[in-house]
Amino acid sequence: MRNDLVVDVTPTTISTALTEDGRLMTLQREKRDASYAVGNLYLAKVKKLMPGLNAAFVNVGHEKDAFLHYLDLGSQFNSYAQYIKTVRESRGRKSSTISKLKLQPDISKHGSISDLLTQGQELIVQVAKEPISTKGPRLTTEITFTGRFLVLTPFNEKISISQKIKDQAEKKRLRSLIESIKPRNFGVIIRTSAENKRAAELNAELKVLIKCWEDAIAKLQYCDPPTLLYEEESRAVSEIRDIFNPDFESIIVNDATIYEQIHNYVSLIAPERSEIVKLYTDDEPIFDHYSITRQIKSSFGKTVSFRSGAYIIIESTEALHVIDVNSGNRSKTSSDQESNALNVNLLAADEIARQLRLRDLGGIIVIDFIDMSKVENRQELYKHMKELMAKDRARHNILPLSKFGLMQITRQRVRPALDIVTEEECPSCGGKGVVQPSLLFTDKLKDKIDYLVHSLNVSNFIMYVHPFVDAYLKKGIVSEYMRWRYEYGRKFKIKPDQSLNYLEYRVIDKNKEEIDLKEEKDTSSSSVIKKEKRAHAKSKEKTEVTAE
């Protein structure tokens, strides 16, 4: 199976799309300036204790207070709290390292939040779950630093090994190796990707993770809460760290800076595979070039069709998602109702497992499959779904079909579900049903080009339009596009973009920065006359007031 990762970088967002044999499997889209991402470290202050919830609300700088439960304090909270207090009190002086700390006894699993925290207390917290809907971030004080092969956990001595590593001799080698190189008072979780890795590679990554901790502690001495102490270098890099596979055929990026970051990271963790990272430089949008935009449009609606005319309907609330399976016109393909139901359900399970990953749906998922009377068919469907969901990195639990034909799935939710609206609202009428003549849209585009070239003195820009508009402008031997290019000195290009609505456009300058034309001044003569009339009216009104 061919795995490719396509990274689309725009001035405001980074989107990463994972494809398997060209089929879109996962899509992550995040703002470049987004805060409170999972893994970020903050110096925060306890704002309010809630003994009834056995939790506290903590100020990390978000508009909503973050939530910290007693069970998220970690067993070594006493050692953690003692060290934080020591570092905060040593401002201006060299603070003691964690290796010299004497670890305290573990806290009770059934204790009270009021026994450990006080209002106004300062803590180092890590985001465990991003803000979702009206809720603030969920926090933990059990700090971790995640690498490709290892996870570093301060304030404990425990070494854990991934259960997916089955070779006992390899487990023993990894454990003895980490014991020999890890500093005191640091725990390490050995990830599956560490299997058969050389000591030099593991030691190099461990040093990088320890340096991240030391940098955060150094910042802790001089800042006041709430302050960001540590965040990932790049969201694209953190995404690749979790999903990178030596079987990847290519990683294609359309931004030079992000390309360098990803190339450096892949060169560090897999030097022999660094050539798979490629820089995309064509003017055509990268998602259009790799047919990802079309798949997004067809995969994110309320109704999703799949093979042989069958389809599923997805309805969502904040924490519950309901999926209904329908056979569509496939019901005509078989005379046996039971086998037809089984075939549709198995195909639907393939698409549903993909949709859960693609939309990153979390919480409770209830699936209404087509009824099947045979127990062995229901068991086959349950087994098939478990096999499909085994590829899902999010923690999940699947229950067998109930007597009503419903399957229930719980899936970990650490960030908001990806919601992409595929229905296009008319940009001319705003959904009212009346639009300006479409033929006049080309006149509008020409006015924008004239404004950019003559008023703003912009050159070498690209105007992206809907593919239908692009085809209309470029039809014929002497096309409208060629006339414009001749008139304005070939200072621009027009390219199609499948993600745009029919009468929508966007402009990118030579530095790949988007030019906002929504606020431009209307230079038409009628507009100028109207503005002069308004200015004259205001002047007259001011004169009358002064006279009074």
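The structure presented is a predicted model; accordingly, all values stated were derived computationally and were not measured.
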Colleague: Would you say the side chains of Arg184 and Ser99 form a donor-acceptor pair under 3.5 Å?
Modeller: no
Colleague: Would the distance check show the side chain of Thr153 and the main-chain N or O of Gly187 forming a donor-acceptor pair, the cut-off being under 3.5 Å?
Modeller: yes
Colleague: Within this structure, what is the OG1-CD1 distance for the pair Thr16 and Ile258, rounded to the nearest 0.5 Å?
Modeller: 11.5 Å
Colleague: Return a table of donor-acceptor pairs under 3.5 angstrom between the side chains of residues 19-27 and protein atoms on other chains or two or more places apart.
Modeller:
| from | atom 1 | to | atom 2 | distance (Å) |
| --- | --- | --- | --- | --- |
| Thr19 | OG1 | Asp4 | O | 3.4 |
| Asp21 | OD1 | Arg2 | N | 2.8 |
| Arg23 | NH2 | Glu351 | OE1 | 3.0 |

Colleague: Compute whether any side-chain donor of one residue and acceptor of the other, for Ser267 and Asn264, lie under 3.5 angstrom apart.
Modeller: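 Checked: Ser267/Asn264 side chains show no N/O donor-acceptor pair below 3.5 Å.
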Colleague: For Arg411 and Leu361, work out which heavy atoms get closest and say how close.
Modeller: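 For Arg411 and Leu361, the tightest heavy-atom pair comes out as NH1-O, 2.8 Å.
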Colleague: Looking at Asp8 and Arg29, is any side-chain nitrogen of the basic one under 4.0 Å from a carboxylate oxygen of the acidic one?
Modeller: no
Colleague: Any Lys/Arg nitrogen of Glu157 or Lys182 sitting under 4.0 Å from an Asp/Glu carboxylate oxygen of the other?
Modeller: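 Answer for the salt bridge query: yes.
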Colleague: Does Glu205 use its side chain to pair, donor to acceptor, with the backbone of Glu201 at less than 3.5 Å?
Modeller: no
Colleague: For Pro225, does its backbone N or O pair with a side-chain atom of Glu122 as donor and acceptor, under 3.5 Å?
Modeller: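 Judged by distance alone, no pair lies under 3.5 Å.
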Colleague: Test your reading of the model: is there a side-chain donor-acceptor pair from Ser402 to the backbone of Phe404, 3.5 Å cut-off?
Modeller: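 Side chain of Ser402 to backbone of Phe404, a donor-acceptor pair under 3.5 Å: yes, one is there.
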Colleague: Compare every heavy atom of Leu358 with every heavy atom of Ser299, then report the nearest pair and how far apart it is.
Modeller: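 Result for this residue pair: CB-CD2, 3.7 Å.
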Colleague: Has the side chain of Thr140 got a donor or acceptor atom that lies under 3.5 Å from a matching backbone atom of Asp72?
Modeller: yes
Colleague: Between atom CD1 of Ile84 and atom OG of Ser79, what is the distance when rounded to the nearest 0.5 Å?
Modeller: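 It comes to 11.0 Å.
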Colleague: Are Asp392 and Arg357 close enough for a salt bridge, meaning some N to O gap below 4.0 Å?
Modeller: no
Colleague: Where do Ala353 and Leu388 come nearest, in terms of heavy atoms and distance?
Modeller: CB-CB, 3.8 Å
Colleague: Can you confirm whether Gln28 sits close enough to Leu18 that some side-chain heavy atom of one is under 4.5 Å from a side-chain heavy atom of the other?
Modeller: no
Colleague: May I ask you to say whether Lys171 pairs ionically with Asp167, meaning some side-chain N is under 4.0 Å from a carboxylate O?
Modeller: no
Colleague: Any Lys/Arg nitrogen of Arg294 or Asp288 sitting under 4.0 Å from an Asp/Glu carboxylate oxygen of the other?
Modeller: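 A salt bridge is absent here (no side-chain N lies under 4.0 Å from a carboxylate O).
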Colleague: Is there side-chain contact between Phe77 and Leu117, with at least one heavy-atom pair below 4.5 Å?
Modeller: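 In short, these two side chains touch, coming nearer than 4.5 Å.
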Colleague: Taking the six-membered ring for Trp and the full ring for Phe, Tyr or His, determine whether the centres of Tyr311 and Phe306 are under 6.0 Å apart.
Modeller: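 No, too far apart.
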Colleague: Indicate yes or no for a side-chain donor-acceptor contact from His396 to the backbone of Ala394 under 3.5 Å, with no hydrogens or angles considered.
Modeller: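 Pair found, side chain donor or acceptor close to backbone of Ala394.
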Colleague: Using a 3.5 Å cut-off and no angle test, enumerate the donor-acceptor pairs between side-chain atoms of residues 105-116 and protein atoms at least two apart in sequence or in another chain.
Modeller:
| from | atom 1 | to | atom 2 | distance (Å) |
| --- | --- | --- | --- | --- |
| Asp106 | OD1 | Gln76 | NE2 | 2.5 |
| Ser108 | OG | His110 | N | 3.1 |
| Ser112 | OG | Ser114 | N | 3.3 |

Colleague: Name the orientation class of the two ring planes belonging to Phe145 and Trp213 (parallel below 30°, tilted from 30 to 60°, perpendicular beyond 60°).
Modeller: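 Ring orientation, 0 to 90° scale: perpendicular.
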Colleague: Donor-acceptor check, side chain of Asp282 to backbone of Glu284, threshold 3.5 angstrom: yes or no?
Modeller: no
Colleague: Answer yes when Asp497 and Arg506 have at least one side-chain N-carboxylate O distance shorter than 4.0 Å, and no when they do not.
Modeller: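 Between Arg506 and Asp497 there is a salt bridge, with a charged N closer than 4.0 Å to a carboxylate O.
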Colleague: Would Asn345 and His384 count as having a side-chain donor-acceptor pair, cut-off 3.5 Å?
Modeller: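 Checked: Asn345/His384 side chains show no N/O donor-acceptor pair below 3.5 Å.
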